[in-house]
Participant: 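Mind looking over this structure? Questions follow.
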There are 2 protein chains.
Amino acid sequence: MDAYDSDERTSGAATTPGRRSRRTAADLDETAESGGDLDLSGLTGVVGYRLRRAQLAVFEDFNRRFQRFDLKPAQYSALLVIGDNPGRKQSEIAAALGIQRPNFVAMLDELERRGLAERTRSTTDRRSHAVVLTEHGRRLLAEARAEQAQQETDLGDLLGPGGRDALVSLLHRLTQAE
Amino acid sequence: MDAYDSDERTSGAATTPGRRSRRTAADLDETAESGGDLDLSGLTGVVGYRLRRAQLAVFEDFNRRFQRFDLKPAQYSALLVIGDNPGRKQSEIAAALGIQRPNFVAMLDELERRGLAERTRSTTDRRSHAVVLTEHGRRLLAEARAEQAQQETDLGDLLGPGGRDALVSLLHRLTQAE
DNA sequence: TATTGTTATACTCTATAACTATA
DNA sequence: TATAGTTATAGAGTATAACAATA
């Protein structure tokens, strides 16, 4: 983990960006020596900043949990989408995940190398690859889904009743509009 | 923007991961040809996934807004923290932002090259650099703060009354615990 | 001519080891 | 011996152009 933990709680008027600290040049020597905490009030109420930090924290937690599967978030989401959409085109899976087609090639190569997924030539359009999970892939995905459900449960405990659902709903609205 | 827009709204029981779609091998030919939307229900309720997508969307919006300042999110946050903590050590600023000390060097170099910030030798400890904003940096930061406040206002409009504050609060809780 | 998968490539972010100058 | 700033470097992640096979 990195060093962002020295944070302050979000102020009441969160819409207003943090107060402008009024310091003059005369304060410089003093502040330079004081080893106290920094004033981060300008960042605490900023949605983009909070989103970034929260995403990093949750991904770190994810990586800890999924170490035993050797799966990163992007790989898990790929297995999930392939598992729920067997036989779809490689490019469709990539697009659904927001991964550029060229970048998805190496990722699928790796999943295939590990025997989790397979490319099969489509009979109708010989340009495209229909992607499916192997039996091994389905078994691993089932275990991963259980671990992922556990993370959601733990996040629910952390955020209080309804908090997790509210968060998901608010986050979803951000990706619909912008 | 990338191709994640083909999303579904979050289901009622958000705590439960998306339903397991039960498809047999016999369905493969059919699904391979159907050009319909993919089933992304397994991802819609996942906090980590939603966080990542939302963060990317908000950062994209940020980048559009801050194009006229030629400031990326990390640069804006650096200006903000330096502005609110003038004279603090270079490494303190970096740590507060969660940036590795080596990686902060080039970033400060760039801010200095553009005449926005300055390194000054500390009189008490000649190893460290006290970092401050230039007058130009303070003026740019003031404008940037206004634009950033506008983004928060627009996000508030998007998320409804109290929605933005609730989001900030929920996100904050995620970075305290994990 | 357009699309699918692919290769090559480049650019940004991030992480670590090791050097230097100071303490 | 430890710390602050720095350099070099390596690894992810991401983006674009262009090619071969196929439609």
Side-chain angles (χ1 to χ4, degrees), chain A residues 1-4 32-33 35 48-49 52-53 55-57 59-60 62-63 70-78 82 87-113 117-131, chain B residues 1-4 32-33 35 48-49 52-53 55-57 59-60 62-63 70-78 82 87-113 117-131:
Chain A
M1 175 59 177
D2 39 24
Y4 287 123
E33 292 168 33
Y49 178 75
R52 180 67 177 147
R53 302 309 294 256
Q55 184 253 305
L56 288 174
F59 268 39
E60 264 179 42
F62 181 100
N63 286 327
D70 192 20
L71 285 179
K72 281 170 287 186
Q75 290 175 311
Y76 171 69
S77 65
I82 296 170
R88 298 299 288 247
K89 289 193 297 183
Q90 182 172 327
S91 55
E92 289 180 307
I93 306 290
L97 294 167
I99 300 173
Q100 303 291 323
R101 272 62 84 213
N103 296 331
F104 193 56
V105 173
M107 192 169 162
L108 240 193
D109 284 348
E110 171 70 5
L111 296 179
E112 213 165 12
R113 190 192 63 74
E118 268 179 350
R119 287 182 251 229
T120 69
R121 278 281 169 205
S122 164
T123 50
T124 54
D125 183 344
R126 300 194 35 246
R127 289 174 301 184
S128 65
H129 289 165
V131 185
Chain B
M1 177 55 181
D2 39 22
Y4 288 122
E33 291 168 32
Y49 177 75
R52 180 67 178 146
R53 303 308 295 257
Q55 184 254 304
L56 288 173
F59 269 37
E60 265 180 41
F62 181 99
N63 285 327
D70 191 19
L71 285 179
K72 282 170 287 185
Q75 290 175 311
Y76 171 69
S77 66
I82 296 170
R88 298 300 288 248
K89 288 193 296 183
Q90 182 173 327
S91 53
E92 288 180 309
I93 306 290
L97 293 167
I99 300 173
Q100 302 291 323
R101 274 62 82 210
N103 296 331
F104 192 57
V105 173
M107 192 169 162
L108 239 192
D109 283 348
E110 171 69 5
L111 295 179
E112 211 164 15
R113 190 194 62 76
E118 269 179 351
R119 287 181 250 229
T120 69
R121 278 280 169 206
S122 164
T123 50
T124 55
D125 183 343
R126 299 191 38 246
R127 289 173 301 184
S128 66
H129 290 167
V131 185

Participant: Which is more 5' along DNA chain C, the nucleotide nearest D109(A) or the one nearest N103(B)? Just name the residue.
Facilitator: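 Nearest-nucleotide comparison on DNA chain C picks D109(A).
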
Participant: Applying side-chain contact (heavy atoms from CB on, under 4.5 Å) to K89(B) and V131(B), what does each step give before you reach the verdict?
Facilitator: CA-CA 6 Å; K89(B) 288 193 296 183; V131(B) 185; over 6 Å; no

Participant: May I ask you to evaluate whether R52(B) reaches the phosphate of dT14(D), defined as a side-chain N or O under 4.0 Å from OP1 or OP2?
Facilitator: yes

Participant: Quick check on DNA chain C: between R127(A) and V105(A), whose nearest nucleotide comes earlier from the 5' end?
Facilitator: R127(A)

Participant: Side chain of R126(B) only, please: which of dT4(C), dA23(C), dG5(D) is the nearest?
Facilitator: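 So the nucleotide nearest the side chain must be dA23(C).
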
Participant: Quick check for you: to the nearest 0.5 Å, what is the distance between I99(B) atom CD1 and S77(B) atom OG?
Facilitator: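 If we round to the nearest 0.5 Å, I99(B):CD1 and S77(B):OG are 5.5 Å apart.
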
Participant: Just by modelled atom types, is the S122(A) backbone N or O under 3.5 Å from a matching donor or acceptor in the S128(A) side chain?
Facilitator: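 Side chain of S128(A) to backbone of S122(A): no pair is present.
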
Participant: Is there a side-chain contact between Q90(B) and the phosphate of dT6(D), meaning an N or O under 4.0 Å from OP1 or OP2?
Facilitator: yes

Participant: Compare the minimum distances between each of dT22(C), dG5(C), dC13(C) and the side chain of K72(B), then state the nucleotide with the smallest one.
Facilitator: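 Selected nucleotide: dC13(C).
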
Participant: Calculate the interatomic distance between N63(B) atom CG and dA15(D) atom P; express it in whole Å.
Facilitator: 12 Å

Participant: Side chains of R52(B) and Y49(B): closer than 4.5 Å at any heavy-atom pair?
Facilitator: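 No, their side chains stay 4.5 Å or more apart.
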
Participant: Looking across every strand, which nucleic acid part, if any, lies under 4.0 Å from D125(B) by heavy atom: base, sugar-phosphate, or nothing?
Facilitator: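 It contacts sugar-phosphate atoms only.
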
Participant: Of all the nucleotides listed (dG5(D), dG5(C), dA15(C)), which has the minimum atom distance to the side chain of S91(A)?
Facilitator: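 Within the option list, the nearest is dG5(C).
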
Participant: I99(B) has an atom CD1; how far is it from atom P of dG5(D), in whole Å?
Facilitator: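 Going from I99(B) (CD1) to dG5(D) (P), I get 14 Å.
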
Participant: Between R121(A) and P102(A), name the one whose nearest nucleotide on DNA chain D is closer to the 5' end.
Facilitator: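 Between the two, 5'-proximity favours P102(A).
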
Participant: dG5(C) C1' sits how many Å from E112(A) CD, rounded?
Facilitator: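 Those two atoms, CD and C1', are 12 Å apart.
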
Participant: Tell me if a side-chain donor or acceptor on R101(A) pairs with a main-chain N or O of Q90(A) at a distance below 3.5 Å.
Facilitator: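 Judged by distance alone, no pair lies under 3.5 Å.
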
Participant: For F104(A) and dG13(D), what is the distance between atoms CZ and P respectively, to the nearest whole Å?
Facilitator: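 In whole Å, dG13(D) P and F104(A) CZ are 14 Å from each other.
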
Participant: Which of these nucleotides, dT16(C), dA4(D), dT6(D), is closest to any side-chain atom of Q100(B)?
Facilitator: dT16(C)

Participant: R101(A) CZ to dA17(D) P: how many Å, rounded?
Facilitator: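 In whole Å, dA17(D) P lies 13 Å from R101(A) CZ.
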
Participant: Expressed as a whole number of angstroms, how long is the span from F59(B):CZ to dG13(D):P?
Facilitator: 17 Å

Participant: Given atom CD of Q55(A) and atom C1' of dG13(D), what is their separation to the nearest angstrom?
Facilitator: 12 Å

Participant: Report the distance from atom CE of M107(B) to atom P of dG5(D), rounded to the nearest whole Å.
Facilitator: 15 Å

